[in-house]
Amino acid sequence: MKVVIDKGFIETLKATKGGLLKVELEEVKTIYKFLDDKSCRVLLMHDMCFVLFKELSGVEFAVENYRKEADFSFVDKAHIEVVNVSKKDGNYFKFVIDELFQGSAIVSRVMRFGKILLPLVILNVLGYMYADSNSINEVFSGLLTAVSIFIAVFSLFVTSHDYLTRKRLALFERGQLSYYFAIDKYITQTGIFAILFSIYGLIITSGGGNGKLYESDIHNIIIVALLNIVFIMVYIILRSLVEFYIVRPGKFIMADLKSESVRNYWKNGK
């Protein structure tokens with residue numbers, strides 16, 4: 001927006017309720033100087049930033065060169081409300097680390113990692129005792145089929161039902177809604193990676209062979225590594241499904257119903 005910003009421009013915005021305007025950060029600072037009411041809300045959404053001033057009702061400023069929350073330090077802390085709706089998104093690496101080691105205490109982190117380490121150890125022990133290239137090829141084939149079906153069903157689920165039930169303003173403003181969408185993305189990415197690694201495993205084991213896998217051979221080491229990686233990814237997918245779509249929603253629903261029950265008690269007197 002390249003216009004002369006003065007008191008007259010501010011009055012025009014008040015009268016016309018200008019809607020959504022794209023502005024530079026410096027222009028926001030200039031507009032702020034001409035306002036009598038310094039109250040504002042800054043809405044941060046991924047790499048986008050929107051500024052609302054209470055005095056300019058109906059006007060929404062989209063800041064094009066926003067970099068970080070500190071860019072709005074020119075606003076007195078008593079007059080600004082910052083809502084970062086994507087603050088909990090994290091990234092894929094953080095998602096994997098949380099799935100392996102998440103917890104508020106050392107003991108809980110060790111316990112969480114142990115829950116995936118134990119079945120992984122069992123997998124490798126059984127592989128050492130019984131597996132050969134032919135059997136592992138069948139395992140990769142089964143994993144590829146299972147994860148492919150999962151991706152199809154999961155994508156249909158989140159787009160047709162779950163997104164609609166999450167459409168709540170409170171979740172949006174706390175950053176929880178964006179976090180759930182990010183988790184959907186990371187679970188899907190994990191499934192895609194599992195499919196790719198399963199395909200690699202199928203290719204490597206397609207030559208057959210009856211030799212034991214757990215031997216000092218680079219070919220066998222690669223196969224075992226791929227098998228463990230795919231197993232961990234599938235485990236993360238399954239555990240994430242239980243936690244994010246059964247356990248945590250169940251807690252939210254129970255908390256909501258508890259609050260409603262309390263309100264009804266005080267309202268009805270019984």
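Computation of the quantities below employed the complete heavy-atom set of this structure, encompassing side-chain atoms and omitting hydrogens, waters and symmetry-equivalent molecules. Numbers here are sequence positions counted from 1.
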Remaining members of the apolar cluster that contains Met111, side-chain heavy atoms under 4.5 Å: Val107
CE on Met233 to CG on Asn228, rounded to 0.5 Å: 12.0 Å
Spatial distance of atom CG (Leu35) from atom NZ (Lys54) [nearest 0.5 Å]: 13.0 Å
Considering all heavy atoms, the nearest Ser148-Ile195 contact: OG-CD1, 3.7 Å
Side chains of Ile187 and Phe150 in contact at under 4.5 Å (non-hydrogen atoms): yes
Minimum side-chain heavy-atom gap Val147-Ser198 below 4.5 Å: no
More than 12 heavy atoms from other groups under 6.0 Å of OH on Tyr235: yes
Contact check, side chains of Leu226 and Phe140, non-hydrogen atoms, under 4.5 Å: yes
Trace of the side-chain contact (heavy atoms from CB on, under 4.5 Å) decision for Leu227 with Phe231: CA-CA 6 Å; Leu227 180 63; Phe231 179 85; 5.6 Å; no
Flag side-chain contact, heavy atom, 4.5 Å: Phe61 against Leu52: no
Lys/Arg N to Asp/Glu carboxylate O, Asp36 vs Lys7, below 4.0 Å: yes
Distance (rounded to the nearest 0.5 Å) between Phe101 CZ and Arg109 CZ: 10.0 Å
Pair Phe34-Ile31, side-chain contact (heavy atoms from CB on, under 4.5 Å): steps then yes or no: CA-CA 5 Å; Phe34 285 101; Ile31 292 171; over 6 Å; no
Residue pair Gly114 / Pro119: nearest heavy atoms and the distance that separates them: O-CD, 4.4 Å
Over all atoms of both residues, closest heavy-atom pair of Phe95 and Ile183: CD1-CD1, 3.7 Å
Separation of Asn220 CG from Ile136 CD1 (nearest 0.5 Å): 10.0 Å
Hydrophobic cluster membership, Ile97 vs Ile106, 4.5 Å side-chain cutoff: no
Between CD1 on residue Ile116 and CD1 on residue Ile236, distance to nearest 0.5 Å: 5.0 Å
Member of Lys115, Lys94, Arg112 meeting the salt bridge (charged side-chain N to carboxylate O under 4.0 Å, His left out) criterion with Glu99: Arg112
Parallel, tilted or perpendicular, as decided by the 30° and 60° cut-offs, for the rings of Phe74 and Tyr32: perpendicular
Check: Leu21 and Leu13 side chains under 4.5 Å, non-hydrogen atoms: yes
Leu118 with Val110, same ILVMFWY side-chain cluster at under 4.5 Å: no
Flag side-chain contact, heavy atom, 4.5 Å: Val42 against Leu44: yes
Shortest non-hydrogen contact between Leu56 and Lys14, atoms and distance: CD2-CG, 3.7 Å
Polar contact flag, side-chain donor to acceptor under 3.5 angstrom, Thr190-Tyr92: yes
Nearest-0.5 Å distance that lies between atom OG1 in Thr188 and atom CZ in Phe193: 11.0 Å
Side chain Ser141, main chain Glu138, donor-acceptor under 3.5 Å: no
Side-chain touch Val23/Val51, heavy atoms, less than 4.5 angstrom: no
Side chain to side chain, Cys40 and Phe72, heavy atoms closer than 4.5 Å: no
SB check Glu55 Lys38 (cutoff 4.0 Å): no
